[in-house]
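A quick write-up on the structure given underneath.
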Protein chains: 2
Amino acid sequence: MLCRMAEASGPDSSRRVTIHDVARSAGVSRQTVSRALNGKDEIERSTKQRVLDAARELGYRPSRFARGLVRQDTTTIGLVIPDLRNPFFTEVAASALESARARGWHVVVYDTADRPEEELGTLQVIGSQVDGVVGYFSCDEDELDRWTRGMPMVLIGREHRMARFSSIRIDGEAGVHAAVTHLVAKGHTMIGMLDHVNRAEPSLRRDWFTAAALAHGIDPGRVAGAAQSADGGGEGLRALLGAHPEVTAVFTFNDIVAVGALREARRLGRRVPAELAVIGFDGLQLGALVEPPLSSVALDTRLLGSLAVEQVGRLLTGADPLPPEALEVRAELRLAGSA
Amino acid sequence: MLCRMAEASGPDSSRRVTIHDVARSAGVSRQTVSRALNGKDEIERSTKQRVLDAARELGYRPSRFARGLVRQDTTTIGLVIPDLRNPFFTEVAASALESARARGWHVVVYDTADRPEEELGTLQVIGSQVDGVVGYFSCDEDELDRWTRGMPMVLIGREHRMARFSSIRIDGEAGVHAAVTHLVAKGHTMIGMLDHVNRAEPSLRRDWFTAAALAHGIDPGRVAGAAQSADGGGEGLRALLGAHPEVTAVFTFNDIVAVGALREARRLGRRVPAELAVIGFDGLQLGALVEPPLSSVALDTRLLGSLAVEQVGRLLTGADPLPPEALEVRAELRLAGSA
DNA sequence: CCCCGTCCCGTGAACGTTCACGGGAACGTT
DNA sequence: AACGTTCCCGTGAACGTTCACGGGACGGGG
């Protein structure tokens with residue numbers, strides 16, 4: 001009489017084990033089972049143990065949906081990332097997870113595998129599973145709007161037009177200016193750039209570079225494209241030096257590309273920073289692992305992730321959203337061995 | 001008469017907007033609203049549009065809990081990772097996300113921040129939010145059992161005792177043996193190792209190294225501990241060379257440590273691989289970024305992640321679980337410039 | 001004129017849990 | 001003996017959605 005028959009021996013064994021089954025098996029009511037499982041106190045010790053045993057015996061697991069329906073306390077946000085293996089996004093994701101955990105939120109992560117066409121599908125699926133979304137999107141704003149149906153969204157590193165969106169701006173103007181200033185101070189006058197390739201419009205970082213170069217009376221035209229990978233950085237550097245052999249310093253779209261350029265420079269026999277100075281963008285931890293360590297216009301990825309989470313939180317609780325000027329991450333030059 | 005009053009102007013504005021509100025506002029029934037929103041067909045074009053407008057006007061968003069309760073189709077798994085910023089775990093996580101996405105599952109990611117005491121809290125919270133768990137756990141198996149209450153679990157890189165757990169075994173014996181063999185063939189006889197520090201028991205990788213060294217008649221005692229970071233690898237190498245100056249080759253616990261050792265070797269003025277050969281473990285993409293590229297006993301992280309997801313899937317659908325011999329990832333030597 | 005089919009829409013029921021309330025038993029107090 | 005307290009426990013209701021079913025309106029064919 002200690003326990004009734006266990007396992008799948010009921011009339012239809014495919015049905016889910018509910019709180020009712022446990023109650024019946026333990027000879028008590030639903031509410032008592034609920035009390036036992038949730039550690040409420042209006043219950044006798046022996047009864048509690050009996051219920052717990054019955055639950056274990058039947059393999060009972062409460063339905064998160066039913067529970068979530070009645071107590072509206074769990075919030076879940078979606079994090080959309082183009083490529084988790086890219087160290088930059090890894091850091092942003094880690095920071096976002098950190099901030100979310102501090103608030104007791106759950107984070108569902110989606111990796112769109114760098115395919116913009118995946119974004120819509122993801123959005124559609126996400127829309128019915130989370131309370132808000134944070135992340136990177138490359139598709140059109142109207143498309144975003146169509147698929148998210150009024151869900152709070154925070155876009156990272158991208159401008160927004162519609163009021164219901166929010167976005168974290170990345171301001172690298174001062175940082176890039178400082179980088180060019182530093183290179184000039186070191187005596188460089190022929191400064192090139194490895195820009196993002198495969199994009200319709202020239203990158204913002206390219207604009208910042210151009211402005212900084214012009215401010216120092218430097219020709220900003222020495223630019224080559226590079227695919228977003230270390231190999232891409234290597235090839236980009238070869239192309240740049242092929243077209244502009246006079247270049248003695250390079251600013252790159254990001255650190256991955258910079259690391260590739262660094263590796264290629266070594267292979268070409270050019271000493272860094274003596275014969276070729278390199279400054280990246282992002283300030284990844286990765287930059288400290290290579291030799292010489294990478295100088296970079298560093299972004300505070302921790303701040304980036306936490307700002308995004310903070311803002312989506314305000315949007316979905318209805319609190320005052322952060323003003324645009326607070327939603328800005330300023331990049332600043334961090335010098336190491338490579339420049 | 002196009003649309004009723006919008007915004008929060010009801011009697012109590014704090015209540016959630018339900019499908020009922022939309023129905024009332026559009027002058028139809030719940031079911032019709034449901035039809036419009038879910039793209040069912042038994043509905044007239046104009047009605048559908050009217051409902052959609054009303055929904056948008058009111059800012060209606062369906063409750064994922066209510067929906068999940070009635071249609072039992074969405075499955076969500078939890079992914080528990082000690083430190084997402086660690087490139088190895090990043091790769092495993094990315095692979096797991098990939099596999100889950102292919103199955104249409106959602107993945108909630110938890111980063112325990114390398115603190116074992118966080119695991120229990122995570123587990124407790126996770127238990128009521130996901131259908132199954134995949135990941136790394138360092139705490140006791142009984143503790144795991146206590147907090148998960150019969151939820152399917154797949155442990156990675158760790159043995160299990162209880163039947164309800166499943167685990168992915170990592171077999172590096174042959175790979176480490178091959179690594180040592182290769183070093184011996186290159187003429188090395190004084191081979192050291194940088195092991196994981198801060199662990200109660202010596203690591204499995206250490207055991208594999210010891211066995212391989214003995215098989216070649218090599219003293220396996222030249223070992224130093226290293227913290228799990230690049231800096232740790234550097235310090236470890238200094239300690240190892242301090243205690244055993246005769247060492248000409250090093251096998252490390254993992255690639256991060258190896259990269260640190262590589263960097264330190266350069267700083268010490270020892271040429272790699274001529275004066276110091278280095279072989280890591282894990283086979284991270286990171287290894288290709290440093291100079292010289294890192295040789296490593298490589299793990300197929302993609303397989304690792306997909307196996308774990310596959311197995312947790314079988315456990316929670318009740319399909320035949322994969323047998324232990326299929327739940328094994330074999331590491332194999334991948335040579336590059338560093339050895 | 002009746003019957004049947006198609007198109008569109010609405011009504012009860014169910015999903016599985018927790019909350020608010022009520023109530024009986026045992027015990028002590030006036 | 002009547003009454004208040006404390007300790008356990010059970011019963012309706014509610015959460016918000018979808019499914020299964022039923023039914024009215026309309027049109028066409030016999």
Side-chain angles (χ1 to χ4, degrees), chain A residues 10 12 14-52 54-55 58-76 127-131 149-151, chain B residues 10 12 14-52 54-55 58-76 127-131 149-151:
Chain A
D12 52 338
S14 66
R15 229 188 70 257
R16 175 188 186 107
V17 179
T18 82
I19 202 175
H20 234 111
D21 300 324
V22 179
R24 188 150 28 82
S25 168
V28 295
S29 74
R30 298 174 319 217
Q31 182 61 9
T32 302
V33 175
S34 178
R35 274 192 269 256
L37 264 57
N38 296 345
K40 301 294 180 67
D41 51 355
E42 294 186 354
I43 188 176
E44 201 182 3
R45 244 182 148 53
S46 64
T47 312
K48 180 171 179 175
Q49 192 55 50
R50 189 155 40 97
V51 171
L52 256 40
L58 297 176
Y60 167 71
R61 301 209 324 106
S63 151
R64 67 169 178 282
F65 294 118
R67 171 173 299 185
L69 189 55
V70 52
R71 18 193 303 205
Q72 328 249 37
D73 51 359
T74 57
T75 59
T76 303
S128 55
Q129 283 296 326
V130 301
D131 303 309
R149 296 234 158 265
M151 187 168 41
Chain B
D12 51 339
S14 67
R15 228 187 71 259
R16 176 188 185 105
V17 179
T18 80
I19 201 174
H20 233 111
D21 301 323
V22 179
R24 189 151 27 82
S25 168
V28 295
S29 72
R30 299 175 317 219
Q31 182 62 7
T32 302
V33 176
S34 177
R35 276 191 267 256
L37 263 56
N38 296 346
K40 300 293 180 69
D41 50 356
E42 294 186 356
I43 188 176
E44 202 182 3
R45 240 177 151 58
S46 64
T47 312
K48 181 170 178 176
Q49 193 53 50
R50 188 155 40 97
V51 170
L52 257 38
L58 297 176
Y60 167 72
R61 301 209 324 104
S63 153
R64 66 170 178 282
F65 294 117
R67 172 173 298 187
L69 189 55
V70 51
R71 12 191 309 203
Q72 329 248 37
D73 50 359
T74 57
T75 59
T76 302
S128 54
Q129 283 296 327
V130 301
D131 302 309
R149 295 235 159 265
M151 190 168 39

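In what follows, chains are A, B, ... by sequence order, proteins preceding strands, each numbered from 1. The model shown is predicted, which means the values in this text are computed figures rather than measured ones.
The backbone N or O of B/Arg45 sits nowhere less than 3.5 Å from a side-chain atom of B/Arg50 that would complete a donor-acceptor pair.
Going from atom CZ of A/Arg67 over to atom P of D/dG16 covers 18 Å, rounded to whole Å. Distance B/Asp73 CG to D/dC19 C1': 13 Å, rounded to the nearest Å. Atom CG in A/Leu37 sits roughly 8 Å away from atom P in C/dT18 (whole-Å rounding). Atom CG in A/Asn38 sits roughly 10 Å away from atom P in C/dT17 (whole-Å rounding). To the nearest angstrom, P of C/dG10 lies 8 Å from CZ of B/Arg35. Rounded to an integer number of Å, the gap from CD of A/Gln129 to C1' of D/dT17 is 14 Å. Atom CZ of A/Arg24 is separated from atom C1' of C/dG16 by 14 Å (rounded to the nearest Å).
Separation of atoms OG1 (A/Thr74) and CD (B/Gln129) is listed at 4.5 Å; rounding is to 0.5 Å. Between atom CD of residue B/Gln49 and atom CD of residue B/Glu44 there is a gap of 12.5 Å, rounded to the nearest 0.5 Å. To the nearest 0.5 Å, the span separating OG on B/Ser25 from NE2 on B/His20 amounts to 12.5 Å. The structure places CD1 of A/Ile19 at 12.0 Å from CG of A/Leu58, a figure rounded to the nearest 0.5 Å.
Summary of helix geometry: the two end axes of the helix from C/dC1-D/dG30 to C/dT30-D/dA1, each defined by five base pairs via their C1' atoms, are inclined to each other by 60° (rounded to 10°).
Side-chain contact of B/Thr76 with A/Arg64: a donor-acceptor pair under 3.5 Å is present, judged by distance alone.
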Subject >> Test log, rule side chain to side chain contact (heavy atoms under 4.5 Å, CB included), inputs B/Val130 and B/Met151 >> reply: CA-CA 9 Å; B/Val130 301; B/Met151 190 168 39; 3.9 Å; yes
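With contacts defined as side-chain heavy-atom distances shorter than 4.5 Å, the pair B/Asp21/B/Tyr60 does not qualify. In this structure the side chain of B/Phe65 never reaches within 4.5 angstrom of the side chain of A/Val70, judged on heavy atoms.
Against DNA chain C, the stretch residues 39-46 of chain A makes heavy-atom approaches under 4.0 Å through A/Lys40.
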Check the interface with nucleotides 26-28 of chain D: list each N/O to N/O pair with the protein under 3.5 Å, or write none.
none

Protein and nucleotides 12-15 of chain D: nitrogen or oxygen contacts under 3.5 angstrom:
unit_1, atom_1, unit_2, atom_2, d
D/dG12, N7, A/Arg30, NH2, 3.3
D/dG12, O6, A/Arg30, NH2, 2.4

Below 3.5 Å, can you tabulate the donor-acceptor pairs from side chains in residues 33-43 of chain B to any protein atom, sequence neighbours excluded?
none

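The side chain of B/Ser34 contributes an N or O atom lying less than 4.0 Å from OP1 or OP2 of D/dT18. For D/dC9, the OP1/OP2 oxygens have no side-chain nitrogen or oxygen of A/Thr32 closer than 4.0 Å. Residue B/Ser29 places at least one side-chain N or O closer than 4.0 Å to OP1 or OP2 of C/dG10.
Listed by chain and residue number, B/Arg67 satisfy the side chain to side chain contact (heavy atoms under 4.5 Å, CB included) test with A/Ser128 (two or more places apart in sequence, or in another chain).
Closest non-hydrogen pair, B/Ala26 versus B/Ala54, comes out as CB-CB, 4.0 Å.
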